[in-house]
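Numbered from 1 within each chain, the chains take letters A, B, ... in sequence-line order.
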Protein chains: 2
Amino acid sequence: MHTVQTPRETLVDRIRQVEFLSLLPSEHLELLARSSMIREGDKGEVLFRQGQVGAQFLWLMEGGLRLTRTQPDGREKVIHLFSSPALVAEAAILLGQPLPATATLTGPSRILHIDRGAVREAVQTHPDLALNLLGSVMLRLRELTRSLANHGQSSGVARVAAYLLGRVDESGALVLPASKKDVASYLGMQPESFSRALAALKQQGLIEVRDQQIQVCDLAALSAVMR
Amino acid sequence: MHTVQTPRETLVDRIRQVEFLSLLPSEHLELLARSSMIREGDKGEVLFRQGQVGAQFLWLMEGGLRLTRTQPDGREKVIHLFSSPALVAEAAILLGQPLPATATLTGPSRILHIDRGAVREAVQTHPDLALNLLGSVMLRLRELTRSLANHGQSSGVARVAAYLLGRVDESGALVLPASKKDVASYLGMQPESFSRALAALKQQGLIEVRDQQIQVCDLAALSAVMR
DNA sequence: CGAAGCTTTGACAACTCTCAAGACTTGTGG
DNA sequence: CCACAAGTCTTGAGAGTTGTCAAAGCTTCG
């Protein structure tokens, strides 16, 4: 992973695109830009590890990453899959707490780093920022509770169906945010089971699969599978 | 569930005990007390339902409750088990978002209700409060990620062992925060499976069980079970 | 071209879920 | 005070699903 030289004004523009920072006045953005940088990395590179304390806010501008956590038995489980644009681990970083998971890039990515202290200062002078931040953490919380509830589902095929339905666009298409192996782990199953689940749905004519691209053909029938 | 008549000064005292509000000046506490009340309820009563928008902060002073979420197949899964004292669903309530789960009392409980608007005002005038709030949400996030990682564990006995080890005090004892049925759901298994897992651990002499009280006899051996 | 990693398919064992029934506790009403 | 109902917990037996192990096809990268 290497740093990309970036002119100050470009940095300000990038920071303005970070959801919860967009409403800051320009002089504040200038201030943040002074301690910011953009870094690039490739698939497999580790952004941070579980237990570390982050010194910088991480804004995933391009690419994707997975959050994993070591289970008691030593294996790793995918907790979350991020696609750009996304703010990663904001709460832990702001509070200076140890990060609850490990972040690994799933493809070529560009990440904007903003100094933790500078953001903290901005938050304290602009109370609205804190509420915005809370909002984005709340989003994460919702997704986690949803994910947790889905894990209770008895059938693996039902979990896959629910997952697909939660990610389709208007035309019924979707792109998996990571390798099938990672998605399988995120759904709490083995890669083989995920493969079999997709095969079963495909054979029933409910979906079509080509690599990470999936087309849902029968929304109603797929919904019925969940029960 | 019924409201308990409470003198103003007592209310102020109670509010002072709410973790993230304790550092507010007395005049602010007085203000909060004006729109606060204490309510009591018994086992089975519903505090709020998934999808509702909460108008009041909820501080569980005494008792316990479970958060459940309806799964795609219609059944309910326990997302979280609270024991007093605890702040419940703070982020969603502060932001006026729909609550992500349903809260049901697991025993006789007393809950302090504080008006959402008053808290919101306090947060905006005291930036530190927002950070404290973020901290308590962060705690919840940590627990959820941990819980999610545990669900990946292949063996049910391993999940139970990990859960018990995460809750023992110095003497190796612990009390289940709810009925075994609820704990089972929280751990992502059927009540029968949970019962069998406990029986297996008991037969190996690793734990002793009497109702909701559990005594761990061999910490090292129990740790070994997780793998 | 070879190595490494992801994906798919097969076969088998192991586990959990489901269904069923009985022991036990608690609260209600006769 | 007892009987009954309702709910929880435990134990048993069978069916079904998933994890595991193994092998082969495929892509990517050096």
Side-chain angles (χ1 to χ4, degrees), chain A residues 42-45 64 66 71 73-78 81 104-108 150-161 176-203 207-214 225-227, chain B residues 42-45 64 66 71 73-78 81 104-108 150-161 175-203 207-214 225 227:
Chain A
D42 265 336
K43 178 177 176 182
E45 294 193 57
R66 65 163 173 265
Q71 297 173 235
D73 66 0
R75 289 179 302 185
E76 295 221 322
K77 159 122 177 54
V78 174
L81 294 169
T104 311
L105 301 183
T106 55
N150 282 339
H151 275 55
Q153 291 268 82
S154 39
S155 162
V157 185
R159 278 208 300 281
V160 173
L176 295 180
S179 69
K180 293 180 182 172
K181 184 188 164 197
D182 285 342
V183 176
S185 173
Y186 176 68
L187 292 174
M189 58 179 84
Q190 303 305 118
E192 294 94 327
S193 297
F194 184 59
S195 179
R196 277 186 250 270
L198 284 182
L201 294 174
K202 191 163 53 179
Q203 201 189 354
I207 62 172
E208 285 168 10
V209 182
R210 195 173 58 196
D211 296 326
Q212 298 194 354
Q213 318 234 343
I214 296 183
V225 171
M226 297 196 311
R227 291 169 218 139
Chain B
D42 264 337
K43 177 177 175 180
E45 294 192 58
R66 65 163 172 265
Q71 298 171 231
D73 66 359
R75 287 180 302 185
E76 296 223 319
K77 160 124 176 53
V78 174
L81 294 169
T104 312
L105 300 183
T106 55
N150 282 338
H151 276 55
Q153 293 268 80
S154 41
S155 162
V157 185
R159 280 208 299 281
V160 172
V175 180
L176 295 179
S179 69
K180 293 180 182 171
K181 185 189 163 198
D182 285 342
V183 176
S185 174
Y186 175 67
L187 291 175
M189 57 179 84
Q190 305 302 322
E192 294 95 324
S193 297
F194 184 60
S195 179
R196 278 185 249 271
L198 283 182
L201 294 174
K202 192 163 54 181
Q203 200 189 355
I207 63 172
E208 286 169 10
V209 183
R210 197 175 54 198
D211 296 326
Q212 299 194 351
Q213 318 233 344
I214 297 184
V225 171
R227 292 169 220 138

Using five pairs at either end of the helix from C/dC1-D/dG30 to C/dG30-D/dC1, determine the angle between the two local helix axes and round it to 10 degrees. 40°
Where along nucleotides 20-30 of chain D does protein come under 4.0 Å, by heavy atom, of base (B) or sugar-phosphate alone (S), with - for untouched nucleotides? BB---------
List in chain and number order the residues that pass side chain to side chain contact (heavy atoms under 4.5 Å, CB included) with B/P191, two or more places apart in sequence or in another chain; answer none if no residue qualifies. B/K181
[X] has an atom [atom1]; how far is it from atom [atom2] of [N], in whole Å?
{"X": "B/K202", "N": "D/dT11", "atom1": "NZ", "atom2": "C1'", "value": "12 Å"}
{"X": "B/K181", "N": "D/dA6", "atom1": "NZ", "atom2": "P", "value": "15 Å"}
{"X": "B/L198", "N": "D/dC9", "atom1": "CG", "atom2": "P", "value": "11 Å"}
{"X": "B/D42", "N": "D/dG7", "atom1": "CG", "atom2": "C1'", "value": "16 Å"}
{"X": "B/M189", "N": "D/dT18", "atom1": "CE", "atom2": "P", "value": "17 Å"}

Run the side chain to side chain donor-acceptor pair (under 3.5 Å) test against A/D42 and tell me which residues pass, sequence neighbours left out. none
Name all residues meeting the side chain to side chain donor-acceptor pair (under 3.5 Å) criterion together with A/R66; count only those two or more places apart in sequence or in a different chain, and write none if there are none. A/D182
Is it the case that the side chain of [X] and the backbone of [Y] share a donor-acceptor pair, with hydrogens and angles ignored and the cut-off at 3.5 Å?
{"X": "A/K77", "Y": "A/Y186", "answer": "yes"}
{"X": "B/Q212", "Y": "B/A178", "answer": "yes"}
{"X": "A/T104", "Y": "A/E45", "answer": "no"}
{"X": "A/S185", "Y": "A/V78", "answer": "yes"}
{"X": "B/D73", "Y": "B/R75", "answer": "yes"}

Nucleotide range of DNA chain C lying under 4.0 Å from chain A heavy atoms: C/dC6 to C/dA11
Point-to-point distance, once rounded to the nearest 0.5 Å, from [atom1] of [X] to [atom2] of [Y]:
{"X": "B/Q190", "Y": "B/R196", "atom1": "CD", "atom2": "CZ", "answer": "10.5 Å"}
{"X": "B/I214", "Y": "B/L198", "atom1": "CD1", "atom2": "CG", "answer": "5.0 Å"}
{"X": "A/K43", "Y": "A/S179", "atom1": "NZ", "atom2": "OG", "answer": "6.5 Å"}

Whichever of B/A178 and A/G156 has its nearest DNA chain D nucleotide further upstream toward 5': B/A178
So, is B/K180 close to the D/dC9 phosphate, meaning a side-chain N or O under 4.0 Å from OP1 or OP2? no
